[in-house]
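Structure first, commentary second.
Small disclaimer: the values here were computed from a predicted structure and weren't measured. Atoms considered below: every heavy atom in the structure, side chains included; atoms not considered: hydrogens, waters and symmetry mates.
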Amino acid sequence: MNTYNFDEIVDRRGTCSYKWDLAPEGVIPMWVADMDFKVAEPIQQALIRRVQHGIFGYTAVPDSYYEAVINWFSRRHGWTMKREWMIYTSGVVPAISAIIKAMTVPGDKVLVQCPVYNCFFSSIRNNGCQMISNDLVYANQTYTIDFEDFERKASDPLCKVFLLCNPHNPAGRVWTAEELRRMGEICLKHHVFVIADEIHCELVMPGYRYTPYASLGEEFLMNCAVCTSPTKNFNIAGLQISNITAADELIRKKIDKAININEVCDVNPLGVVALQAAYNESEDWLEQLLVYLHQNYQCLCDFMAQNMPEFPVIKLEGTYLAWVDCSAQGIPSQEIEDKLMEKGLWLNAGIHYGQPGDKFIRINLACPRSVLTDGLNRLLKIKEH
(Lines give C-alpha, C1' and ligand atoms only; values in the text may rest on other atoms or scores of the structure.)
Protein backbone atom coordinates (compact mmCIF):
# COMPACT_ATOMS: atom_id res chain seq x y z
CA MET A 1 0.00 0.00 0.00
CA ASN A 2 1.26 3.47 -0.88
CA THR A 3 1.48 6.15 1.80
CA TYR A 4 0.48 9.60 0.63
CA ASN A 5 1.61 12.99 1.91
CA PHE A 6 -1.35 15.36 1.79
CA ASP A 7 0.70 18.05 3.54
CA GLU A 8 2.82 18.47 0.40
CA ILE A 9 2.32 21.86 -1.25
CA VAL A 10 2.14 21.64 -5.03
CA ASP A 11 2.45 24.93 -6.90
CA ARG A 12 -0.48 24.99 -9.32
CA ARG A 13 -0.05 28.50 -10.65
CA GLY A 14 0.94 28.61 -14.30
CA THR A 15 -0.69 25.24 -15.05
CA CYS A 16 -3.92 26.72 -16.47
CA SER A 17 -5.60 25.84 -13.19
CA TYR A 18 -9.11 27.25 -13.10
CA LYS A 19 -8.87 27.38 -9.31
CA TRP A 20 -5.45 29.02 -8.98
CA ASP A 21 -4.74 30.91 -12.20
CA LEU A 22 -8.03 32.81 -12.00
CA ALA A 23 -7.10 33.98 -8.51
CA PRO A 24 -5.08 37.22 -8.27
CA GLU A 25 -1.49 36.82 -7.13
CA GLY A 26 -1.33 36.58 -3.35
CA VAL A 27 -4.91 35.33 -3.00
CA ILE A 28 -5.54 31.84 -1.57
CA PRO A 29 -8.34 30.20 -3.59
CA MET A 30 -10.58 28.04 -1.41
CA TRP A 31 -13.62 28.23 -3.64
CA VAL A 32 -14.18 25.93 -6.65
CA ALA A 33 -14.43 22.23 -5.80
CA ASP A 34 -11.17 20.65 -6.79
CA MET A 35 -8.40 19.45 -4.50
CA ASP A 36 -4.81 20.63 -4.13
CA PHE A 37 -3.49 17.08 -3.69
CA LYS A 38 -1.57 14.94 -6.15
CA VAL A 39 -3.64 12.04 -7.43
CA ALA A 40 -2.97 8.44 -6.47
CA GLU A 41 0.22 6.90 -7.83
CA PRO A 42 -1.63 4.22 -9.89
CA ILE A 43 -3.58 6.97 -11.68
CA GLN A 44 -0.40 8.89 -12.46
CA GLN A 45 1.34 5.77 -13.76
CA ALA A 46 -1.63 4.70 -15.88
CA LEU A 47 -1.76 8.15 -17.47
CA ILE A 48 2.01 8.15 -18.12
CA ARG A 49 1.76 4.79 -19.90
CA ARG A 50 -1.11 6.01 -22.03
CA VAL A 51 0.62 9.31 -22.91
CA GLN A 52 3.80 7.46 -23.90
CA HIS A 53 1.81 5.66 -26.56
CA GLY A 54 1.71 9.01 -28.32
CA ILE A 55 -1.60 8.83 -30.21
CA PHE A 56 -4.86 10.21 -28.86
CA GLY A 57 -7.58 9.40 -31.35
CA TYR A 58 -11.28 8.83 -30.85
CA THR A 59 -11.85 6.48 -27.94
CA ALA A 60 -13.79 3.23 -27.77
CA VAL A 61 -14.70 2.51 -24.14
CA PRO A 62 -13.56 -1.06 -23.30
CA ASP A 63 -15.26 -3.79 -21.29
CA SER A 64 -12.74 -3.24 -18.50
CA TYR A 65 -14.12 0.29 -18.00
CA TYR A 66 -17.61 -0.98 -17.25
CA GLU A 67 -16.24 -3.75 -15.04
CA ALA A 68 -14.29 -1.22 -12.98
CA VAL A 69 -17.40 0.87 -12.30
CA ILE A 70 -19.65 -2.11 -11.58
CA ASN A 71 -17.17 -3.83 -9.28
CA TRP A 72 -16.47 -0.62 -7.33
CA PHE A 73 -20.10 0.19 -6.56
CA SER A 74 -20.97 -3.43 -5.85
CA ARG A 75 -18.06 -3.98 -3.47
CA ARG A 76 -17.96 -0.59 -1.77
CA HIS A 77 -21.64 0.39 -1.69
CA GLY A 78 -23.64 -2.81 -2.13
CA TRP A 79 -25.28 -1.68 -5.37
CA THR A 80 -24.75 -3.86 -8.42
CA MET A 81 -25.59 -2.17 -11.68
CA LYS A 82 -25.65 -3.79 -15.10
CA ARG A 83 -23.51 -2.74 -18.02
CA GLU A 84 -26.49 -2.10 -20.28
CA TRP A 85 -27.81 0.48 -17.80
CA MET A 86 -24.76 2.70 -18.21
CA ILE A 87 -24.15 5.65 -20.52
CA TYR A 88 -20.78 7.37 -20.38
CA THR A 89 -20.39 11.09 -20.96
CA SER A 90 -18.00 13.94 -20.34
CA GLY A 91 -19.24 15.17 -16.97
CA VAL A 92 -22.04 15.13 -14.43
CA VAL A 93 -23.33 18.61 -15.34
CA PRO A 94 -23.68 17.70 -19.05
CA ALA A 95 -25.31 14.47 -17.89
CA ILE A 96 -27.86 16.33 -15.76
CA SER A 97 -28.64 18.72 -18.60
CA ALA A 98 -29.17 15.84 -21.01
CA ILE A 99 -31.44 13.96 -18.61
CA ILE A 100 -33.56 17.07 -18.00
CA LYS A 101 -33.86 17.46 -21.78
CA ALA A 102 -34.94 13.82 -22.06
CA MET A 103 -37.52 13.93 -19.28
CA THR A 104 -39.15 17.35 -19.69
CA VAL A 105 -40.51 19.79 -22.21
CA PRO A 106 -40.01 23.57 -21.96
CA GLY A 107 -42.26 25.03 -19.29
CA ASP A 108 -42.08 21.98 -17.01
CA LYS A 109 -40.88 22.39 -13.43
CA VAL A 110 -37.82 20.81 -11.84
CA LEU A 111 -37.69 20.45 -8.07
CA VAL A 112 -34.46 21.16 -6.17
CA GLN A 113 -33.52 21.69 -2.53
CA CYS A 114 -31.88 25.07 -1.94
CA PRO A 115 -29.24 25.95 -1.01
CA VAL A 116 -27.89 23.67 -3.71
CA TYR A 117 -25.13 23.36 -6.32
CA ASN A 118 -25.47 26.39 -8.56
CA CYS A 119 -25.02 24.54 -11.88
CA PHE A 120 -28.40 22.92 -11.26
CA PHE A 121 -29.95 26.31 -11.96
CA SER A 122 -28.35 26.71 -15.39
CA SER A 123 -29.14 23.12 -16.41
CA ILE A 124 -32.80 23.76 -15.63
CA ARG A 125 -32.89 27.19 -17.25
CA ASN A 126 -31.06 26.11 -20.40
CA ASN A 127 -33.70 23.46 -21.04
CA GLY A 128 -36.50 26.01 -20.82
CA CYS A 129 -37.78 24.64 -17.51
CA GLN A 130 -38.79 26.36 -14.29
CA MET A 131 -37.04 25.74 -10.99
CA ILE A 132 -39.06 25.20 -7.82
CA SER A 133 -37.36 24.70 -4.46
CA ASN A 134 -38.16 22.63 -1.43
CA ASP A 135 -35.89 24.79 0.72
CA LEU A 136 -33.95 22.80 3.29
CA VAL A 137 -34.68 23.64 6.94
CA TYR A 138 -31.70 25.06 8.81
CA ALA A 139 -31.52 24.55 12.57
CA ASN A 140 -28.93 23.44 15.14
CA GLN A 141 -26.09 23.73 12.62
CA THR A 142 -27.55 21.20 10.21
CA TYR A 143 -30.25 20.83 7.56
CA THR A 144 -33.36 18.69 7.36
CA ILE A 145 -36.15 18.23 4.83
CA ASP A 146 -39.61 19.79 5.07
CA PHE A 147 -41.48 16.76 3.72
CA GLU A 148 -44.88 18.48 3.72
CA ASP A 149 -43.50 21.20 1.48
CA PHE A 150 -41.66 18.57 -0.60
CA GLU A 151 -44.92 16.77 -1.35
CA ARG A 152 -46.75 20.01 -2.00
CA LYS A 153 -44.14 20.98 -4.60
CA ALA A 154 -43.92 17.47 -6.09
CA SER A 155 -47.71 17.28 -6.51
CA ASP A 156 -47.71 20.23 -8.93
CA PRO A 157 -48.82 18.72 -12.28
CA LEU A 158 -46.00 20.62 -14.02
CA CYS A 159 -43.34 19.15 -11.73
CA LYS A 160 -41.75 16.38 -13.80
CA VAL A 161 -38.28 15.96 -12.26
CA PHE A 162 -36.68 16.05 -8.83
CA LEU A 163 -32.97 16.87 -8.95
CA LEU A 164 -31.46 15.20 -5.89
CA CYS A 165 -28.01 16.10 -4.56
CA ASN A 166 -26.66 13.10 -2.61
CA PRO A 167 -24.41 13.87 -0.71
CA HIS A 168 -25.68 17.42 -0.67
CA ASN A 169 -23.53 20.34 -1.82
CA PRO A 170 -23.28 22.76 -0.01
CA ALA A 171 -25.45 21.70 2.95
CA GLY A 172 -23.06 18.87 3.79
CA ARG A 173 -25.78 16.28 4.40
CA VAL A 174 -25.35 12.61 3.53
CA TRP A 175 -28.99 11.66 3.21
CA THR A 176 -30.03 8.59 5.16
CA ALA A 177 -31.75 5.65 3.48
CA GLU A 178 -34.94 6.62 5.33
CA GLU A 179 -34.84 10.20 4.03
CA LEU A 180 -34.13 9.04 0.49
CA ARG A 181 -36.92 6.48 0.64
CA ARG A 182 -39.46 9.03 1.85
CA MET A 183 -38.53 11.47 -0.92
CA GLY A 184 -38.60 8.64 -3.44
CA GLU A 185 -42.04 7.45 -2.35
CA ILE A 186 -43.44 10.96 -2.78
CA CYS A 187 -41.90 11.18 -6.26
CA LEU A 188 -43.39 7.81 -7.23
CA LYS A 189 -46.80 8.86 -5.93
CA HIS A 190 -46.79 12.01 -8.05
CA HIS A 191 -44.99 10.61 -11.11
CA VAL A 192 -41.89 12.74 -10.63
CA PHE A 193 -38.67 11.37 -12.12
CA VAL A 194 -35.55 11.46 -9.94
CA ILE A 195 -32.15 12.57 -11.20
CA ALA A 196 -29.58 11.72 -8.52
CA ASP A 197 -26.34 13.70 -8.63
CA GLU A 198 -24.05 11.46 -6.58
CA ILE A 199 -20.69 12.85 -7.69
CA HIS A 200 -19.47 13.30 -4.07
CA CYS A 201 -20.46 9.78 -3.05
CA GLU A 202 -17.06 8.69 -1.71
CA LEU A 203 -16.41 11.86 0.28
CA VAL A 204 -18.16 10.88 3.48
CA MET A 205 -17.05 11.76 7.00
CA PRO A 206 -16.60 9.09 9.73
CA GLY A 207 -19.86 7.85 11.18
CA TYR A 208 -21.91 8.43 8.04
CA ARG A 209 -22.82 6.18 5.14
CA TYR A 210 -23.68 7.03 1.55
CA THR A 211 -26.70 5.20 0.17
CA PRO A 212 -27.02 5.04 -3.64
CA TYR A 213 -30.54 6.22 -4.41
CA ALA A 214 -31.02 3.43 -6.95
CA SER A 215 -30.19 0.79 -4.34
CA LEU A 216 -33.38 1.46 -2.35
CA GLY A 217 -35.43 -1.04 -4.35
CA GLU A 218 -36.77 -1.92 -7.78
CA GLU A 219 -39.44 0.77 -8.00
CA PHE A 220 -36.92 3.47 -7.08
CA LEU A 221 -34.33 2.05 -9.50
CA MET A 222 -36.77 2.18 -12.40
CA ASN A 223 -37.77 5.80 -11.73
CA CYS A 224 -34.34 7.37 -11.64
CA ALA A 225 -31.11 8.16 -13.43
CA VAL A 226 -27.99 8.26 -11.27
CA CYS A 227 -25.00 10.41 -12.20
CA THR A 228 -21.63 9.28 -10.85
CA SER A 229 -17.99 10.00 -11.54
CA PRO A 230 -14.57 9.44 -9.97
CA THR A 231 -13.59 13.01 -10.78
CA LYS A 232 -14.44 14.75 -7.48
CA ASN A 233 -13.51 11.77 -5.33
CA PHE A 234 -10.09 11.13 -6.92
CA ASN A 235 -9.25 14.72 -7.98
CA ILE A 236 -9.33 14.15 -11.75
CA ALA A 237 -12.06 16.65 -12.70
CA GLY A 238 -10.06 17.99 -15.64
CA LEU A 239 -10.12 14.57 -17.33
CA GLN A 240 -13.87 14.89 -18.01
CA ILE A 241 -15.44 11.47 -17.44
CA SER A 242 -18.72 10.41 -15.84
CA ASN A 243 -21.53 7.89 -16.09
CA ILE A 244 -25.31 7.88 -16.13
CA THR A 245 -27.03 4.76 -14.83
CA ALA A 246 -30.64 4.29 -15.92
CA ALA A 247 -32.27 0.87 -15.59
CA ASP A 248 -35.47 1.60 -17.49
CA GLU A 249 -34.78 0.88 -21.17
CA LEU A 250 -37.20 3.42 -22.63
CA ILE A 251 -35.92 6.17 -20.34
CA ARG A 252 -32.34 5.21 -21.15
CA LYS A 253 -33.03 5.54 -24.87
CA LYS A 254 -34.44 9.02 -24.31
CA ILE A 255 -31.36 9.99 -22.32
CA ASP A 256 -29.02 8.53 -24.92
CA LYS A 257 -30.78 10.56 -27.61
CA ALA A 258 -30.43 13.73 -25.52
CA ILE A 259 -26.74 12.98 -24.91
CA ASN A 260 -26.24 12.89 -28.66
CA ILE A 261 -28.34 16.01 -29.27
CA ASN A 262 -26.18 17.84 -26.73
CA GLU A 263 -23.04 16.40 -28.41
CA VAL A 264 -21.56 15.05 -25.16
CA CYS A 265 -21.46 11.44 -26.33
CA ASP A 266 -17.66 11.15 -26.66
CA VAL A 267 -15.02 10.94 -23.95
CA ASN A 268 -11.26 11.33 -23.98
CA PRO A 269 -8.78 8.45 -23.66
CA LEU A 270 -7.14 9.79 -20.51
CA GLY A 271 -10.43 9.92 -18.64
CA VAL A 272 -11.15 6.30 -19.52
CA VAL A 273 -7.72 5.22 -18.29
CA ALA A 274 -7.89 7.31 -15.11
CA LEU A 275 -11.32 5.98 -14.10
CA GLN A 276 -10.10 2.40 -14.25
CA ALA A 277 -6.94 3.16 -12.27
CA ALA A 278 -9.01 5.01 -9.68
CA TYR A 279 -11.59 2.30 -9.11
CA ASN A 280 -9.25 -0.67 -9.49
CA GLU A 281 -6.07 0.48 -7.76
CA SER A 282 -6.52 3.68 -5.74
CA GLU A 283 -8.74 2.87 -2.79
CA ASP A 284 -5.81 3.26 -0.37
CA TRP A 285 -5.36 6.88 -1.54
CA LEU A 286 -9.06 7.55 -1.01
CA GLU A 287 -9.06 6.09 2.50
CA GLN A 288 -6.06 8.21 3.51
CA LEU A 289 -7.67 11.27 1.90
CA LEU A 290 -10.84 10.84 3.95
CA VAL A 291 -8.85 10.81 7.18
CA TYR A 292 -7.00 13.97 6.15
CA LEU A 293 -10.18 15.79 5.10
CA HIS A 294 -11.83 14.97 8.40
CA GLN A 295 -8.80 16.35 10.24
CA ASN A 296 -9.06 19.54 8.16
CA TYR A 297 -12.72 19.81 9.09
CA GLN A 298 -11.83 19.42 12.76
CA CYS A 299 -9.14 22.08 12.32
CA LEU A 300 -11.75 24.45 10.88
CA CYS A 301 -14.22 23.74 13.69
CA ASP A 302 -11.59 24.27 16.39
CA PHE A 303 -10.37 27.49 14.80
CA MET A 304 -13.86 28.93 14.45
CA ALA A 305 -14.87 27.95 17.99
CA GLN A 306 -11.79 29.64 19.38
CA ASN A 307 -11.63 32.73 17.18
CA MET A 308 -15.02 33.27 15.54
CA PRO A 309 -17.68 31.50 17.63
CA GLU A 310 -20.36 33.79 16.24
CA PHE A 311 -19.87 32.07 12.84
CA PRO A 312 -21.15 28.49 13.35
CA VAL A 313 -19.80 25.73 11.10
CA ILE A 314 -22.58 23.55 9.73
CA LYS A 315 -22.12 19.86 10.51
CA LEU A 316 -20.17 18.29 7.64
CA GLU A 317 -21.33 14.76 6.89
CA GLY A 318 -20.06 14.60 3.33
CA THR A 319 -18.07 16.46 0.64
CA TYR A 320 -15.03 18.61 1.49
CA LEU A 321 -17.02 21.84 1.22
CA ALA A 322 -17.62 23.45 4.60
CA TRP A 323 -20.67 25.70 5.00
CA VAL A 324 -20.36 28.51 7.52
CA ASP A 325 -23.13 30.70 8.92
CA CYS A 326 -22.01 34.33 8.65
CA SER A 327 -25.36 35.91 9.48
CA ALA A 328 -23.77 37.59 12.53
CA GLN A 329 -21.82 39.77 10.12
CA GLY A 330 -25.08 41.36 9.04
CA ILE A 331 -24.17 41.80 5.37
CA PRO A 332 -24.99 39.81 2.20
CA SER A 333 -22.72 36.88 1.38
CA GLN A 334 -21.54 38.42 -1.90
CA GLU A 335 -20.26 41.40 0.05
CA ILE A 336 -18.45 39.00 2.39
CA GLU A 337 -16.85 37.25 -0.58
CA ASP A 338 -15.74 40.58 -2.05
CA LYS A 339 -14.30 41.83 1.25
CA LEU A 340 -12.37 38.61 1.80
CA MET A 341 -10.96 38.75 -1.71
CA GLU A 342 -9.46 42.10 -0.77
CA LYS A 343 -7.92 40.39 2.27
CA GLY A 344 -6.33 37.65 0.14
CA LEU A 345 -8.88 34.85 0.47
CA TRP A 346 -11.33 33.60 -2.16
CA LEU A 347 -14.37 31.77 -0.81
CA ASN A 348 -17.84 31.19 -2.32
CA ALA A 349 -20.70 33.50 -1.39
CA GLY A 350 -23.68 31.43 -0.30
CA ILE A 351 -26.06 33.41 -2.52
CA HIS A 352 -24.69 31.47 -5.51
CA TYR A 353 -26.58 28.44 -4.20
CA GLY A 354 -29.96 30.11 -4.01
CA GLN A 355 -31.54 32.73 -1.78
CA PRO A 356 -31.56 30.48 1.33
CA GLY A 357 -27.77 30.37 1.04
CA ASP A 358 -27.30 34.09 1.56
CA LYS A 359 -25.48 34.95 4.81
CA PHE A 360 -23.42 31.75 4.40
CA ILE A 361 -20.03 31.10 2.84
CA ARG A 362 -18.61 27.88 1.37
CA ILE A 363 -15.02 26.89 2.12
CA ASN A 364 -13.06 24.25 0.17
CA LEU A 365 -11.13 22.22 2.77
CA ALA A 366 -9.26 20.04 0.26
CA CYS A 367 -5.82 21.60 0.63
CA PRO A 368 -2.67 21.06 2.71
CA ARG A 369 -3.25 21.98 6.33
CA SER A 370 -0.72 24.79 6.24
CA VAL A 371 -2.70 26.41 3.40
CA LEU A 372 -5.94 25.92 5.33
CA THR A 373 -4.43 27.55 8.40
CA ASP A 374 -3.22 30.51 6.35
CA GLY A 375 -6.66 30.87 4.80
CA LEU A 376 -8.40 30.76 8.18
CA ASN A 377 -6.13 33.47 9.54
CA ARG A 378 -7.16 35.60 6.57
CA LEU A 379 -10.80 34.80 7.29
CA LEU A 380 -10.34 36.50 10.64
CA LYS A 381 -9.91 39.76 8.77
CA ILE A 382 -13.62 39.75 7.95
CA LYS A 383 -14.10 41.21 11.43
CA GLU A 384 -11.99 44.23 10.59
CA HIS A 385 -13.85 47.44 9.77
Side-chain angles (χ1 to χ4, degrees), residues 92-138 143-201 211-214 216-217 219-228 244-246 248 251 254-255 258 318 350-358:
V92 164
V93 173
I96 290 169
S97 294
I99 302 168
I100 292 174
K101 179 182 286 291
M103 302 306 297
T104 65
V105 296
D108 283 345
K109 295 181 179 179
V110 177
L111 179 61
V112 301
Q113 293 175 309
C114 289
V116 75
Y117 180 45
N118 53 302
C119 286
F120 283 8
F121 307 146
S122 57
S123 290
I124 294 166
R125 183 176 61 249
N126 291 343
N127 280 290
C129 293
Q130 306 172 61
M131 186 201 79
I132 51 174
S133 179
N134 164 235
D135 292 351
L136 297 176
V137 179
Y138 172 56
Y143 284 91
T144 54
I145 299 165
D146 180 342
F147 283 102
E148 289 186 7
D149 181 71
F150 185 93
E151 180 150 21
R152 188 161 52 249
K153 301 286 174 57
S155 66
D156 185 330
L158 287 177
C159 183
K160 304 299 183 183
V161 165
F162 167 45
L163 187 42
L164 167 70
C165 196
N166 175 43
H168 194 284
N169 168 22
R173 283 298 315 277
V174 177
W175 302 118
T176 65
E178 292 73 21
E179 288 169 319
L180 292 170
R181 184 177 301 278
R182 191 169 175 188
M183 289 188 285
E185 287 171 347
I186 292 171
C187 288
L188 286 166
K189 177 182 176 181
H190 296 288
H191 309 289
V192 175
F193 187 76
V194 178
I195 304 173
D197 172 3
E198 301 190 348
I199 195 170
H200 291 98
C201 63
T211 301
Y213 178 81
L216 294 173
E219 57 185 344
F220 302 98
L221 171 68
M222 300 304 288
N223 188 52
C224 77
V226 179
C227 303
T228 61
I244 301 167
T245 304
D248 184 285
I251 290 172
K254 288 182 179 180
I255 294 171
I351 191 64
H352 300 320
Y353 310 99
Q355 189 60 45
D358 208 2

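Take Tyr138 and apply the ring-ring contact (aromatic ring centres under 6.0 Å, His included) test, not counting sequence neighbours, and it matches Tyr143, Phe360. Partners of Asp197 by side chain to side chain donor-acceptor pair (under 3.5 Å), not counting sequence neighbours: none found. Here Asp358 pairs with Pro332, Ser333, Ile351, Gln355 under the side-chain contact (heavy atoms from CB on, under 4.5 Å) rule; sequence neighbours left out. With sequence neighbours excluded, the residues satisfying salt bridge (Lys or Arg N to Asp or Glu O under 4.0 Å) with Lys153 are Asp149. Take Ser133 and apply the side chain to side chain donor-acceptor pair (under 3.5 Å) test, not counting sequence neighbours, and it matches Asp135. Residues satisfying the side-chain contact (heavy atoms from CB on, under 4.5 Å) criterion with Ala214, sequence neighbours excluded, are Trp79, Leu221, Cys224, Val226.
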Side-chain donor-acceptor pairs under 3.5 Å in residues 97-107, sequence neighbours left out?
| residue | atom | partner | partner atom | Å |
| --- | --- | --- | --- | --- |
| Ser97 | OG | Val93 | O | 3.3 |
| Ser97 | OG | Ser123 | OG | 2.8 |
| Thr104 | OG1 | Ile100 | O | 2.6 |

For residues 177-184, tabulate all N or O donor-acceptor pairs below 3.5 Å that involve a side-chain atom, not counting sequence neighbours.
| residue | atom | partner | partner atom | Å |
| --- | --- | --- | --- | --- |
| Glu179 | OE1 | Arg173 | NH2 | 2.7 |
| Glu179 | OE1 | Thr176 | N | 2.9 |
| Glu179 | OE1 | Thr176 | OG1 | 3.2 |
| Glu179 | OE2 | Arg173 | NH1 | 3.2 |
| Glu179 | OE2 | Arg173 | NH2 | 3.3 |
| Arg181 | NH2 | Leu216 | O | 3.2 |

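Pairs passing the side-chain hydrogen bond (donor to acceptor under 3.5 Å, both in side chains) check and including a residue from residues 158-168, sequence neighbours excluded, read Asn166-Glu198. The salt bridge (charged side-chain N to carboxylate O under 4.0 Å, His left out) analysis of residues 104-124, with sequence neighbours excluded, yields the pairs Lys109-Asp156. The side-chain hydrogen bond (donor to acceptor under 3.5 Å, both in side chains) analysis of residues 110-121, with sequence neighbours excluded, yields the pairs Gln113-Asn134. The stretch residues 180-201 participates, sequence neighbours left out, in no ring pair (Phe, Tyr, Trp, His ring centres under 6.0 Å) pair at all.
Distance check, rounded to the nearest 0.5 Å: CZ of Phe150 to CZ of Phe162 gives 4.0 Å. In this structure, CG on Leu164 lies 10.0 Å from CD1 on Ile195, to the nearest 0.5 angstrom. The structure places CZ of Phe121 at 4.0 Å from SG of Cys114, a figure rounded to the nearest 0.5 Å. Atom CG of residue Asn169 and atom SG of residue Cys119 lie 9.5 Å apart, to the nearest 0.5 angstrom.
Between the side chain of Asn126 and the backbone N or O of Ser122 there is at least one donor-acceptor pair closer than 3.5 Å. Remark: the backbone N or O of Cys165 is paired with a side-chain donor or acceptor of Trp175 at under 3.5 angstrom.
Here the shortest heavy-atom pairing between Cys227 and Ala95 reads SG-CB, 4.0 Å.
When side chains are defined from C-beta on, Leu111 does not count as touching Val192, because their heavy atoms never get closer than 4.5 Å. Contact check for Pro356 versus Leu136: no side-chain heavy atoms found under the 4.5 Å cut-off. At least one side-chain heavy atom of Leu188 sits less than 4.5 Å from a side-chain heavy atom of Phe220.
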